[in-house]
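Side-chain atoms are counted along with the backbone in the values below, which use heavy atoms only and exclude waters and symmetry mates.
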Amino acid sequence: MSAATTGASARLTDAELRAQERAAKKAERERQKRIARDETAERRRSAKAGFANVNNPRRSTLMTVVCAIFAVYCLFPFVYLVINATKTQADFTSTFGLGFGKSFALWDNIVTVFTYQEGIFARWLINTILYVVVGAGGATLLAIMGGYALAKFRFPGRKAVFAIIIGAISVPGIALAVPQFLLFAKLNLTNTPWAMIIPSLVSTFGLYLMWIFSDQAVPDELLEAARVDGAGEFRTFFQISLPLLAPGIVTTALFTIVATWNNYFLPLIMLKDSNWYPLTIGLNQWKDQASTAGGQAIQNLVITGSLITIIPLVIAFLCLQKYWQSGLAAGAVKE
């Protein structure tokens with residue numbers, strides 16, 4: 001008799017559990033519906049008050065117009081290059097600057113750029129790539145290692161190093177060009193690739209950026225755990241810390257690459273042999289050619305060469321934009 005009573009109680013308990021489960025699911029569905037209704041109502045109220053979303057800033061017509069003007073200002077030179085790179089020299093001088101010419105000569109201009117003056121443009125492009133790979137690559141590596149060491153190691157003179165770095169950032173690079181030229185002239189390194197590579201190896205801003213990023217991105221507890229497990233400092237750096245520093249590395253690399261790629265004043269005073277010119281000096285030489293007595297006007301080649309010059313930078317920024325933005329935001333918020 002007691003066994004039958006126990007079985008009935010168990011069956012009754014199972015039924016109650018199923019009923020409670022159904023009631024809980026129903027209550028959850030009702031809660032989700034209420035949340036959806038509240039969100040819809042909040043969006044309507046926010047739209048009337050001038051907000052697109054409660055989590056987003058207030059919409060401003062003035063700021064939208066200002067941003068649109070700024071975007072047009074930034075894109076205008078690129079559009080100008082694209083349009084005029086399709087023109088012949090005759091069309092360039094006889095047609096409106098923002099209008100296409102009578103013939104589409106983009107491919108002919110590209111071929112002429114790489115064949116003009118025995119293909120000197122290709123030599124300038126190779127020189128620029130050499131300066132970027134060795135100079136900017138070395139600057140990025142030194143900034144990574146130096147910033148990591150300053151962030152994760154304590155040693156005498158660390159504050160003095162910090163003061164020197166901040167002071168170096170505040171000094172414009174153009175102010176150091178003449179002293180650098182005098183120093184390299186004493187060492188007989190002017191008019192050589194080393195006159196471009198060695199100064200490019202130092203990036204004080206990249207060092208400071210990697211210092212801040214390393215301090216935030218690499219937890220000290222993780223390094224201590226690696227050391228306890230017997231990992232050396234080099235293994236800890238390359239296998240544990242380096243993957244965490246990827247956004248900062250990409251950001252530093254982009255800054256150093258752009259600075260080296262667009263460097264103009266340093267090669268202008270350091271280099272005299274056109275075979276060692278980067279693209280910036282070479283294209284400027286072509287531009288000045290038309291203003292000399294008896295010089296041939298080749299503005300169409302200058303425009304096309306300028307377009308070819310900026311394409312690698314545009315591709316680099318578009319491909320690495322995600323890492324670049326996250327690297328810039330590093331250290332902005334202290335946890």
Side-chain angles (χ1 to χ4, degrees), residues 70-136 193 196 200 253-321 324:
F70 185 73
V72 172
Y73 173 79
C74 294
L75 292 175
F76 179 80
F78 183 74
V79 174
Y80 179 84
L81 286 178
V82 172
I83 293 176
N84 287 275
T86 64
K87 298 179 181 180
T88 61
Q89 179 60 31
D91 289 339
F92 181 83
T93 57
S94 61
T95 59
F96 178 60
L98 294 179
F100 289 94
K102 299 177 182 178
S103 59
F104 189 83
L106 177 60
W107 178 250
D108 293 336
N109 288 339
I110 294 175
V111 173
T112 307
V113 163
F114 282 97
T115 56
Y116 187 71
Q117 292 183 346
E118 299 180 353
I120 191 66
F121 183 86
R123 178 62 184 265
W124 296 338
L125 179 60
I126 293 174
N127 292 340
T128 304
I129 295 175
L130 171 66
Y131 302 149
V132 167
V133 171
V134 180
M196 283 292 299
S200 300
L254 282 176
F255 276 112
T256 55
I257 288 172
V258 172
T260 307
W261 191 279
N262 294 333
N263 200 347
Y264 176 79
F265 190 70
L266 182 64
L268 180 65
I269 66 174
M270 290 288 190
L271 303 176
K272 300 301 179 184
D273 186 358
S274 60
N275 288 324
W276 291 115
Y277 281 173
L279 288 169
T280 51
I281 304 300
L283 289 175
N284 184 70
Q285 185 184 59
W286 279 4
K287 178 183 72 66
D288 294 339
Q289 178 177 320
S291 60
T292 59
Q296 180 185 2
I298 52 171
Q299 286 94 338
N300 62 321
L301 300 186
V302 175
I303 293 295
T304 306
S306 301
L307 179 62
I308 296 172
T309 299
I310 67 174
I311 286 177
L313 294 181
V314 173
I315 294 175
F317 268 92
L318 292 178
C319 294
L320 303 175
Q321 182 180 13
W324 178 57

Does some side-chain heavy atom of [Y] sit less than 4.5 Å from a side-chain heavy atom of [X]?
| X | Y | answer |
| --- | --- | --- |
| Asn300 | Lys87 | no |
| Tyr277 | Pro267 | no |
| Ile281 | Leu271 | no |
| Cys319 | Ile315 | yes |
| Pro278 | Asn263 | no |
| Phe100 | Thr95 | no |
| Ile308 | Phe114 | yes |
| Asn84 | Thr304 | no |

Straight-line distance of [X] [atom1] to [Y] [atom2], nearest 0.5 Å:
| X | Y | atom1 | atom2 | answer |
| --- | --- | --- | --- | --- |
| Asn109 | Phe104 | CG | CZ | 9.5 Å |
| Leu279 | Thr128 | CG | OG1 | 3.5 Å |
| Asp288 | Leu283 | CG | CG | 11.0 Å |
| Ile257 | Ile129 | CD1 | CD1 | 11.5 Å |
| Thr88 | Phe92 | OG1 | CZ | 11.0 Å |

Using only atom types and a distance under 3.5 Å, with no angle test, would you say the side chain of [X] pairs donor to acceptor with the backbone of [Y]?
| X | Y | answer |
| --- | --- | --- |
| Gln89 | Gln299 | yes |
| Asp91 | Lys102 | yes |
| Thr256 | Ala253 | yes |

List the atom of [X], the atom of [Y], and the distance in Å for their closest heavy-atom pair.
| X | Y | value |
| --- | --- | --- |
| Thr260 | Ala136 | OG1-CB, 3.8 Å |
| Val111 | Thr115 | O-OG1, 2.9 Å |
| Gly305 | Val113 | N-CG2, 4.1 Å |

Between Ile303 and Leu307, is a side chain to side chain contact (heavy atoms under 4.5 Å, CB included) present by the stated rule, with each step listed?
-> CA-CA 6 Å; Ile303 293 295; Leu307 179 62; 5.7 Å; no

When you look at Leu313 and Asn262, which way does the side chain to side chain contact (heavy atoms under 4.5 Å, CB included) test go after all the steps?
-> CA-CA 10 Å; Leu313 294 181; Asn262 294 333; 3.8 Å; yes

Pairs under 3.5 angstrom only: tabulate donor-acceptor contacts from the side chains of residues 116-126 to other protein residues two or more places apart or in another chain.
| from | atom 1 | to | atom 2 | distance (Å) |
| --- | --- | --- | --- | --- |
| Tyr116 | OH | Gln289 | NE2 | 2.8 |
| Gln117 | OE1 | Trp286 | NE1 | 3.2 |
| Arg123 | NE | Asn127 | OD1 | 3.4 |
| Arg123 | NE | Asn275 | O | 3.1 |
| Arg123 | NH2 | Asn275 | O | 3.4 |
| Trp124 | NE1 | Ser274 | O | 2.9 |

